[in-house]
Amino acid sequence: MAKTNERGITPQSEDFSAWYNELVLRAELADRGPVRGTMVIRPYGYRIWELLSGELDRLIKATGHENAYFPLFIPESHLRREAEHVEGFSPELAIVTHAGGEDLEEPLVVRPTSETVIGEMYARWIDSYRDLPVKINQWANVVRWELRPRLFLRTTEFLWQEGHTAHATEEEAVAEMMVAADFYQAVAEGFAAMPVLVGDKTPSERFAGAVRTVSLEAMMRDGRALQAATSHYLGTNFARAFGIEYTGIDGVRALCHTSSWGMSTRMIGGVIMTHGDDRGLVLPPRIAPHQVVVVPIGREGELGPVMAAAEALAAELTRTGVRVHVDTRTHVSAGFKFNEWELRGVPVRIELGPRDLAAGSAVVVDRLTGTKTPLPMAEVSATMPARLDAFQTALFDRARDFREAHSATADTLDELAEATATGFAWAFLCGDPACEKTIQERTGATPRCVPRDGAAETGRCVACGGPASYGRRLVFGRAY
RNA sequence: CGGGGAGUAGCGCAGCUUGGUUAGCGCGCCUGCUUUGGGAGCAGGAGGUCGCGGGUUCGAAUCCCGCCUCCCCGACCA
């Protein structure tokens, strides 16, 4: 365990996971629940989730999906209908065997995901090609029993959104999978300022029961990969298992092609590990609960006018659409507040004291650079939206530059091991799962995805030297 | 599940080896006064089933046995 004085947090370079744990707790994003692996999302963390999920919800609706809600409990027998699916999830299921004071006739599984219940219902609702496509999303909690929990990254219960669609053809279902991947990328890059590589999973990394899985992979500041969201083309696997069929225009009975896609509270963990530094969290303005915090400074006698000016400035900022918070606490010092709001990742701090009032100005402080800029009061709110936009862009650019600086092509296992020790490796793979296994055993890294933007290229498998599949290099990394 | 570490006040810890007053320290908390431009000061105060159960003993936070929980590192996962 790394040492830390009671005021600071363990530096990233000393112990990244200690840094992460301390930060989540100290910034009051979340706390551990009484049951191992469970998490309480505190108001500050939940607000981030609201901002993130609000944007995603808007995009989901804008692409023609409707929200609904399906039950938490799934009859165990239903889950068993899709063989690969059960097999994939069985080690992490929570099962209720006793309820209402009696043993249940049939155990109930607490949903680890809802393909099965939703499939069951779709089978009931879909009769004709005229009923298609069905495009439904739900916001829900799911439970996957975790052996090694981490707040936000891997908790036994987590919040997410799961979209489930049914289509007449493979082309439509695959296109749907890509629509979802696109809006996930828009949220990750445009709001979380987290650059992602989007592409197919290899068969061994695919979702249990899927024909294709597309994931978004981001690099954390310790060089490891985080899967930020996934989107699946399920083929007719679930349609066959649950009887999701329609009669076509030609009168022929056919199986639907389905898709599913999800983004979870893990994204918050990604934000923390993409942007945070040794002083604490750094939040992208678009998902920051407070984009600006005003810290009034002054002795008791002179605090009145300062507070009044702070409130007036805040009102002005609110009018320009900025989320602003005035820290009116009088029992902690100004210096304490500076440190605390830096720890909690507020993009811009405004210091306002008697000296500023006299000069008709305020001091604007940037969380990323620490730069303090005295500005005439009138300019503070006028320039704030642009300042926040620039901050958002700077965060994204910094994260992308970091990823590029920690990525390398690898044509041998040694090169792959070296690159993935600190970041990503781009390498060829033949497609044999045995080679993936070899690579993981030798380097700890796994293929994260086949980046859809990767340049077309051919070569030899980094593990066996055989001819490469996929027509391009895959990204490898050590995964969270 | 395997390996390592830890359970003592809200948080972080000392005390345990070598049993013995009323279990300490820092931070935080409460009250008052002074303070406030980078984690304020002084004074006073509150706060403890020493993880749980059993045992040894005149006497256990301390020694012995059993159990539970949490954290970290490895194999599966959004």
Using whole Å, report how far [atom1] of [X] lies from [atom2] of [N].
X      : N     : atom1 : atom2 : answer
A/R329 : B/U36 : CZ    : P     : 18 Å
A/E351 : B/G38 : CD    : C1'   : 8 Å
A/L147 : B/C77 : CG    : C1'   : 9 Å
A/E146 : B/A78 : CD    : C1'   : 9 Å
A/R355 : B/G38 : CZ    : C1'   : 12 Å
A/R26  : B/C27 : CZ    : P     : 15 Å
A/D327 : B/G39 : CG    : P     : 15 Å
A/W139 : B/A78 : CH2   : C1'   : 13 Å

Looking only at the side chain of [X] (C-beta and beyond, no hydrogens), which of the listed nucleotides [options] gets closest?
X      : options             : value
A/N339 : B/A78, B/C77, B/G38 : B/G38
A/R266 : B/C72, B/U35, B/A78 : B/A78
A/F336 : B/C73, B/A78, B/G39 : B/G39
A/R32  : B/A40, B/A78, B/C71 : B/C71

[X] side chain near [N] phosphate (N/O to OP1/OP2, under 4.0 Å):
X      : N     : answer
A/S333 : B/A40 : yes
A/R144 : B/C77 : no
A/R148 : B/C76 : no

* **RNA chain B-proximal residues of residues 361-376 of chain A, any heavy atom under 4.0 Å** =>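 Within this stretch, A/V363, A/K372 sit under 4.0 Å of the strand.
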* Asked: Has A/F158 got its ring stacked on B/A78, by the test of a centre gap below 5.5 Å and a plane angle below 30°?
  ->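 So A/F158 counts as stacking on the base.
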Counting the atoms with a prime plus P, OP1 and OP2 as sugar-phosphate, which does [X] contact under 4.0 Å by heavy atoms, base, sugar-phosphate, or nothing?
X      : result
A/L226 : nothing
A/G353 : base
A/T155 : base
A/P296 : nothing
A/T265 : nothing
A/D356 : base

Say we look at [N] and [M]: how far apart would their [atom1] atoms be, to the nearest angstrom?
N     : M     : atom1 : result
B/G12 : B/G7  : C1'   : 13 Å
B/U35 : B/A46 : C1'   : 24 Å
B/G24 : B/C64 : P     : 25 Å
B/C33 : B/U17 : C1'   : 47 Å
B/G53 : B/C58 : P     : 23 Å
B/G44 : B/G55 : P     : 44 Å
B/G74 : B/G37 : C1'   : 50 Å

* To do: Would you list the pairs meeting ring pair (Phe, Tyr, Trp, His ring centres under 6.0 Å) in which at least one residue belongs to residues 209-232 of chain A, sequence neighbours left out?
  =>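 Matches after skipping sequence neighbours: A/F207-A/H232.
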Watson-Crick or G-U counterpart of [N], or none if no pair lies under 3.5 Å:
N     : result
B/G26 : B/C11
B/G2  : B/C73
B/G37 : none
B/U31 : B/A43
B/U62 : none

* Does A/R349 make a side-chain donor-acceptor contact with the base of B/G38, cut-off 3.5 Å? ->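 Answer is yes: a donor-acceptor pair is held.
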* So, does the side chain of A/S264 form a donor-acceptor pair with the base of B/A78 at under 3.5 Å? ->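 Looking at the base of B/A78, it does pair with a donor or acceptor on the side chain of A/S264 (distance under 3.5 Å).
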* **5'-most by nearest nucleotide on RNA chain B - A/R154 or A/E340** =>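 Whichever sits nearer the 5' end wins; that is A/E340.
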* Starting at the 5' end of RNA chain B, which residue's closest nucleotide do you reach first, A/Q440 or A/L352? ->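 It is A/L352 whose nearest nucleotide is closer to the 5' end.
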Side-chain ([X]) to main-chain ([Y]) donor-acceptor, under 3.5 angstrom:
X      : Y      : result
A/S215 : A/E217 : no
A/Q291 : A/P285 : yes
A/N21  : A/S17  : yes
A/R367 : A/R349 : no
A/H275 : A/G345 : no
A/W160 : A/T113 : no
A/R206 : A/V214 : no
A/R144 : A/E157 : no
A/N339 : A/F336 : no

